[in-house]
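Okay, structure first, notes after.
Just so we're clear, the structure is a prediction, and the values are computed from it rather than from any experiment.
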Amino acid sequence: AASTTMILYVDSSTPTTTTKEKHTTNTINLTASLSVSGKTVSIYRNDTLLSSGTTPHENDTTLNLAVGNYTYVANWTGDNNYTTSSDTVYIFVNDTIAPTLDYASPTPDDNANQTSTSVTFNVTHTEQYPSTLILYMNSAANVTQSYSSASTSITKTNLYGVYTYYVWVNDTNGNVNQTTQRTVRVDNVAPSVTSPTPSSSSYIKGTSTQTFSVAASDSVSTVKNGTVYYKKSADVDYVSQVLSTCAGSNPTCTVNIDLS
């Protein structure tokens with residue numbers, strides 16, 4: 001019987017049997033070509049028949065496989081006139097797609113301010129081969145855990161201060177993704193007021209208008225505004241007046257009051 005030669009092409013190329021092809025697309029074209037025309041050849045993947053047909057026989061196959069090594073064989077069994085022949089190609093299915101990742105409610109918006117000392121960080125994610133999720137707070141890894149399903153929720157308690165945060169994930173093949181960085185201010189302590197001028201119990205004489213001032217400060221947030229409440233000795237009710245220049249970081253708040 002005459003000898004035959006089989007060549008298994010992958011996407012019109014001829015990979016060697018000793019080289020694993022890295023393939024990242026989901027569909028490949030396999031073509032089994034025999035040196036003798038008109039013969040029926042078969043294509044197998046890991047010993048499972050994919051298709052058979054007359055050479056040159058093509059098979060468009062959807063990979064949709066787990067990451068790993070796969071053996072593709074084109075085989076001709078031979079007949080009375082021609083010898084059997086086969087060719088083998090090794091395909092490595094590689095995952096190059098990063099996980100999807102995004103914030104979801106009730107994660108605070110960027111630059112949010114809140115008085116509650118409990119903050120929930122919630123993210124949605126999609127990944128076929130999930131591995132590790134890390135919550136970073138103030139540039140340090142705060143929570144490290146595995147992840148799965150469609151979302152992950154992490155709640156931190158007893159917080160106070162300014163926190164920057166983001167979430168980082170990877171998969172088992174080294175692809176990574178992370179959210180944008182956000183800032184949240186947790187502040188449940190009122191601003192402090194010190195250094196009143198004039199000082200307490202001061203006696204003021206000979207003027208109809210007096211300037212009063214105090215120093216305002218807050219360790220986490222900026223001061224938004226201030227109001228002074230006062231009454232003269234003969235008054236029954238207090239009168240309110242907005243303090244000027246009483247906004248920002250540690251401002252000195254002043255007000256002019258008519259004492260006549």
* At their closest point, which heavy atom of Asn122 faces which heavy atom of Pro106, and how far apart are they? -> CB-CD, 4.1 Å

* Asked: Considering only heavy atoms from C-beta outward, does the side chain of Gln145 approach that of Thr152 to under 4.5 Å?
  -> yes

* Between the side chain of Asn69 and the main-chain N/O of Phe92, is any donor-acceptor distance below 3.5 Å? -> no

* **Polar side-chain atom of Gln114 near backbone of Ser118 as donor-acceptor pair, under 3.5 Å** => yes

* **Apart from Val184 itself, residues in the same hydrophobic cluster as defined by side-chain heavy atoms under 4.5 Å** => Leu101, Tyr103, Val119, Phe121, Val123, Leu133, Ile134, Leu135, Tyr136, Met137, Val143, Tyr147, Ile154, Leu159, Tyr163, Tyr165, Tyr166, Val167, Trp168, Val169, Val176, Val186

* Structure fact -> d(Trp76 CH2, Tyr82 OH) to nearest 0.5 Å is 9.0 Å

* Are Tyr129 and Pro99 close enough that some pair of their side-chain heavy atoms sits under 4.5 Å apart? -> no

* Considering all heavy atoms of both residues, which atom of Ser86 and which atom of Asn75 are nearest to each other, and what is their separation? -> CB-OD1, 3.5 Å

* Structure fact -> For Cys246 and Val223, the nearest pair of non-hydrogen atoms, with its separation, is O-CG1, 3.8 Å

* To do: Measure the spacing between CG of Asn29 and CG of Asp60 and express it to the nearest 0.5 Å.
  => 4.5 Å

* To do: Following the transitive rule for hydrophobic clusters with a side-chain heavy-atom cut-off under 4.5 Å over Ile, Leu, Val, Met, Phe, Trp and Tyr, establish whether Leu8 and Ile91 coincide in one cluster.
  => yes

* About how many Å separate OG1 of Thr117 and CG of Asn188, when rounded to the nearest 0.5 Å? -> 6.0 Å

* Polar side-chain atom of Thr4 near backbone of Thr83 as donor-acceptor pair, under 3.5 Å -> yes

* **4.5 Å side-chain heavy-atom contact, Leu30 and Glu58** => no

* Asked: Cut-off 3.5 Å, side chains only: do Arg45 and Tyr70 have a donor facing an acceptor?
  -> no

* Taking all heavy atoms of Ser52 and all of Thr40, pick out the closest pair and write down the distance. => CB-CG2, 4.4 Å

* Under 3.5 Å donor-acceptor, Thr120 side chain and Thr155 backbone -> no

* Asked: More than 12 foreign heavy atoms under 6.0 Å from CG of Asn111: is that the case here?
  -> yes

* Structure fact -> Heavy-atom closest pair (Asp171 atom, Ile97 atom, distance to 0.1 Å) is OD2-O, 3.4 Å

* Validation row: Arg182, Thr164 side chains within 4.5 angstrom (heavy atoms) -> no

* **Step-by-step side-chain contact (heavy atoms from CB on, under 4.5 Å) determination, Asn170 to Asn175** => CA-CA 5 Å; Asn170 71 348; Asn175 302 302; over 6 Å; no

* To do: With the side chain counted from C-beta on, respond yes when Phe212 and Leu243 share a heavy-atom pair under 4.5 Å apart, and no when they do not.
  => no

* To do: Apply the test side-chain hydrogen bond (donor to acceptor under 3.5 Å, both in side chains) to residues His57 and Ser51: give CA-CA distance (whole Å), side-chain angles for both, the deciding distance (0.1 Å), then the verdict.
  => CA-CA 9 Å; His57 171 58; Ser51 63; 2.8 Å; yes

* Donor-acceptor contact below 3.5 Å, side chain Ser85 vs main chain Met6 -> yes

* Asked: At what distance, to the nearest 0.5 angstrom, does OG of Ser192 lie from CG of Asn250?
  -> 8.0 Å

* Asked: Are the side chain of Asn113 and the backbone of Arg185 linked by a donor-acceptor contact shorter than 3.5 Å?
  -> no

* Check whether Ile43 and Leu49 end up in the same hydrophobic cluster, where Ile, Leu, Val, Met, Phe, Trp and Tyr are linked by side-chain heavy atoms less than 4.5 Å apart. => no

* Interatomic distance, Thr180 atom OG1 to Asp110 atom CG [nearest 0.5 angstrom] -> 7.0 Å

* To do: Please examine the side chains of Gln128 and Asp95, heavy atoms only from C-beta on, and report whether any two atoms are closer than 4.5 Å.
  => no

* To do: Taking Asp109 for its side chain and Ala112 for its backbone only, find out whether a donor-acceptor pair lies under 3.5 Å.
  => no

* Structure fact -> What one should report as the nearest heavy-atom pair of Thr31 and Pro56 is CG2-CB, 4.4 Å

* Asked: So, does Asp79 use its side chain to make a donor-acceptor pair with the main chain of Asn81 at under 3.5 Å?
  -> yes

* Asked: Honestly curious: do Val41 and Ile7 fall in one hydrophobic cluster under the side-chain, below-4.5 Å linking rule?
  -> no

* Does Thr254 offer a backbone N or O that forms a donor-acceptor pair with the side chain of Ser213 under 3.5 Å? -> no

* Just checking, any donor-acceptor pair under 3.5 angstrom between side chains of Thr209 and Asn256? -> no

* Is a side-chain N or O of Thr245 found less than 3.5 angstrom from the main chain of Thr252, in a donor-acceptor match? -> yes

